[in-house]
Each structure stands twice: as structure tokens, then as C-alpha cells.
Amino acid sequence: MTHHQVIIVGGGPAGAACAWKLVEAGVDCLVIDKQDFPRSKICAGWITPQVLQDLHINPPDYPHSLTSFPSLIIYIKGIPIIRPGRQYAIRRTEWDDWLLKRSGVRIIKHEVKEIVKVEKGWRIDDQFSADILVGAGGTHCPVYRSLYKHNHPRTGEQIVALEEEFPIGWKEDNKCRLWFFDHGLPGYAWYVPKAGGFLNIGVGGNAAVLKKRGSSIQEHWGYLVEKLRDKGLVTDREFHPEGYVYYLRGNQDLVQDGIVFLIGDAFGLATLDMGEGIGPAVQSGLLAAEAILGEKEYSPAGIQRFSLLPKFLQWAVPQKT
């Protein structure tokens, strides 16, 4: 059995940000993830300038695909609004792998099955032990499942999504488009062209509202595909979207007791307006690292609640505060 000061379960943006800060401070840290990196990860990959600033990344220094949008085209029930202000998009298969490698942390491929509290920390599958445990494994994180699902469940709204990313070789139209509340969707649909000729399209909506209306995310996916075909934005393609769920930020306190922390989607921190997860994931990972280092308290006050839109665009339902 190998022992480490800190074990981070999950190598996504939250885990990588936390590891980067800890390794920089000389902490003996290990990342465990069930997948090899680079991994396939379908995601719109939208990041704000704040994310790059938090991670001390100068855009020209990022060695992979980084799409820059000087503005966004946002449709509110079909009415277009130009939202100025630079935003970015990355490909997660590149971004996640690069962040992990940049951190310098040791990474082991392993699917966590059992987490046991011991006298001085944690034991994982009788193979690893640590003084401090960080859960960064996304919505289905084994740390959340084992230690918090029943006693400290997430309180934010559940979002269900379908999306697909594929090479399209776009040349004519490189504008990022977002359609809010279109066709009664309690959320929004997106069209995100990316560097290298890739395109990500998808729909995300409030699961409870969809169920109450007798609707489904598949229905709204079909509507988006027809819209894109009618506009000539996507043609001659058979689609195979991937589905997933995650949670908006709720009203629960950040779960930590000095020896275990939940960060990113494991905790449920997506922004209330855009359902954006990368920014809050990075911020929570850095905050957890700072708390482990004794620099500051792990507080939700330091994690963004909104990405960029006015407060009234909150996934079509009142949010808990």
C-alpha cells in the first residue's frame, strides 16, 4: 500500500487545479482516475478569461486548440442579442491532459471501489492511503457516493444534457450561438465552433421542469438538429449525441472537515446562469488546495455563482440561495 499526504480522486479541471497548487507547494500528492489521459471528454469546453487568469495561463502559451470569441450571439426566445466580451473554447481531451501534465502530479489509473476511514486518514481499496482526501471525480465521484450522498446530498437543480462534438471543417461561420428557452426548453442550446475545424452542439435543461412538462431532452435535441439543418449550419450528418447529468450550485455549505474535500461537479457548483462547470471547478480546486496548505478557509464565497448573463436567466426556475 502506498501512502500520500493528499490523494485526489479525479483528474479533470478541478483535480488538476488542486494538484497544481499542492505540487507547487511541495505537497506529496497523487491523482487517481479511472481513465487514461488524454481521454475522450465531450464538452462545449467554454471557458472565461477568469479561468485562464486563475490558472496563470497566458492564451498564446497554451499549446493546443484555443478558440477565441470576441462576442456571443444569444437568442432569448428567438430574439438575438450580441453579448460583447471575449470568451474562449477548448477541447477537453487536450485541455484536461495538458492541465494534469503541467501540474507535475503523479497519476495512477484506478477505478475506486471502496473508501474507508482509518485512524489517520483514508484507505482506498487496500491499495492507497492518505492523510487528506479530495473528491474531484465529477457528478458520479466515488468520494461523494461513499461519504456524502446520503448524509449531505446536493441541493442544486439537476441539469440533463445531450451533446456531440465532431470535425466539420467549418470556414464560413465561426460564431458562437446560444438559444435560451427556445421551443419551451428550460435551459439553452448551443453551437460552438472550435479551432481545428471541430464543432460542438448540444442542449441542456432543468430535469425537473422537463419532467413536469412531460417533455424530454431528446425532443429538444431533435429540434436543435432541425434548426441547424434549416439554417445550413450543419448538413449531411447522422448524429450520435452523448448524454449526462450534473448539478447547479445549491445552498449547501462546501463539504470539508479538514481531511476530506469535495470540489467541482462532485460537489455541484455549476453556475446559475450558464450551467458552466469549468470555472467553478478550477476555483474550488484552488481553494481546497489553499485550505489544505493552511492559507485560507474553504469557503463558497470565493466561487463564482454566475458566468456572464443577467440574473433573470437562471434556467427558467427560481434558485435556492
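Sequential numbering from 1 along the given sequence is applied to the chain's residues. Note that these values count all heavy atoms, side chains included, but never hydrogens, waters or copies made by symmetry.
Both cation-pi conditions hold for R237 and F166: the charged atom is under 6.0 angstrom from the six-membered ring centre and inside a 45 degree cone around its axis. With a 6.0 Å cutoff to the six-membered ring centre and a 45° limit on the axis angle, R102 counts as a cation-pi contact of W20. Under a cutoff of 6.0 Å and an axis angle of 45°, R91 and F198 form a cation-pi pair.
At a cut-off of 3.5 Å, with distance as the only test, a side-chain donor of H3 or D131 sits close to an acceptor on the other residue. No donor-acceptor contact under 3.5 angstrom links the side chains of E164 and N200, judged on distance only. A donor-acceptor contact under 3.5 angstrom links the side chains of R86 and S68, judged on distance only. There is no side-chain donor-acceptor pair under 3.5 Å between Y298 and E290. Between the side chains of Q304 and Q50, no donor-acceptor pair is found at a separation under 3.5 Å.
A perpendicular orientation is assigned to the rings of H64 and Y62, their planes being inclined by more than 60° (bins at 30° and 60°). Between H183 and Y223, the ring planes are parallel. Angles under 30° get that label, and only those over 60° would be called perpendicular. Aromatic ring orientation, W179 versus Y191: perpendicular (interplanar angle above 60°, classes split at 30° and 60°).
No donor-acceptor pair closer than 3.5 Å links the side chain of S129 to the backbone N or O of R123. The closest donor-acceptor contact from the side chain of Q158 to the backbone of Y247 lies at 3.5 Å or more, if one exists at all. Without hydrogens or angle criteria, S284 side chain to A281 main chain gives a donor-acceptor distance under 3.5 Å. T155 places a side-chain N or O within 3.5 Å of a backbone atom of N251 that can act as its donor or acceptor partner. Of the possible donor and acceptor atoms, none in the side chain of K175 sits under 3.5 Å from a partner among the backbone N and O of I73. Judged purely by atom type and a 3.5 angstrom limit, T271 uses its side chain to pair as donor or acceptor with the backbone of E276.
Residues K109 and D36 are paired through a salt bridge, judged by an N-O separation under 4.0 Å between the basic side chain and the carboxylate. A salt bridge is defined here as a Lys NZ or Arg NE, NH1 or NH2 lying under 4.0 Å from an Asp or Glu carboxylate O, and D97 with R92 fails to meet this definition.
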Under 3.5 Å, side-chain donor or acceptor atoms of residues 139-147 against the rest of the protein: list the pairs with distances, not counting sequence neighbours.
from: T139; atom 1: OG1; to: V245; atom 2: O; distance (Å): 3.0
from: Y144; atom 1: OH; to: R154; atom 2: N; distance (Å): 3.1
from: R145; atom 1: NH1; to: H140; atom 2: O; distance (Å): 3.4
from: S146; atom 1: OG; to: P142; atom 2: O; distance (Å): 2.8

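I115 and Y148 fall within the same hydrophobic cluster, defined by Ile, Leu, Val, Met, Phe, Trp and Tyr side-chain heavy atoms under 4.5 Å apart, directly or through other members. V27 and I108 fall within the same hydrophobic cluster, defined by Ile, Leu, Val, Met, Phe, Trp and Tyr side-chain heavy atoms under 4.5 Å apart, directly or through other members. The same ILVMFWY cluster, assembled from side-chain heavy atoms under 4.5 Å apart, contains both V225 and I168.
Annotation: the span from K101 atom NZ to I107 atom CD1 amounts to 8.0 Å, rounded to 0.5 Å.
For the salt bridge (charged side-chain N to carboxylate O under 4.0 Å, His left out) test, residues two or more places apart in sequence or in another chain that qualify with R39 are D96.
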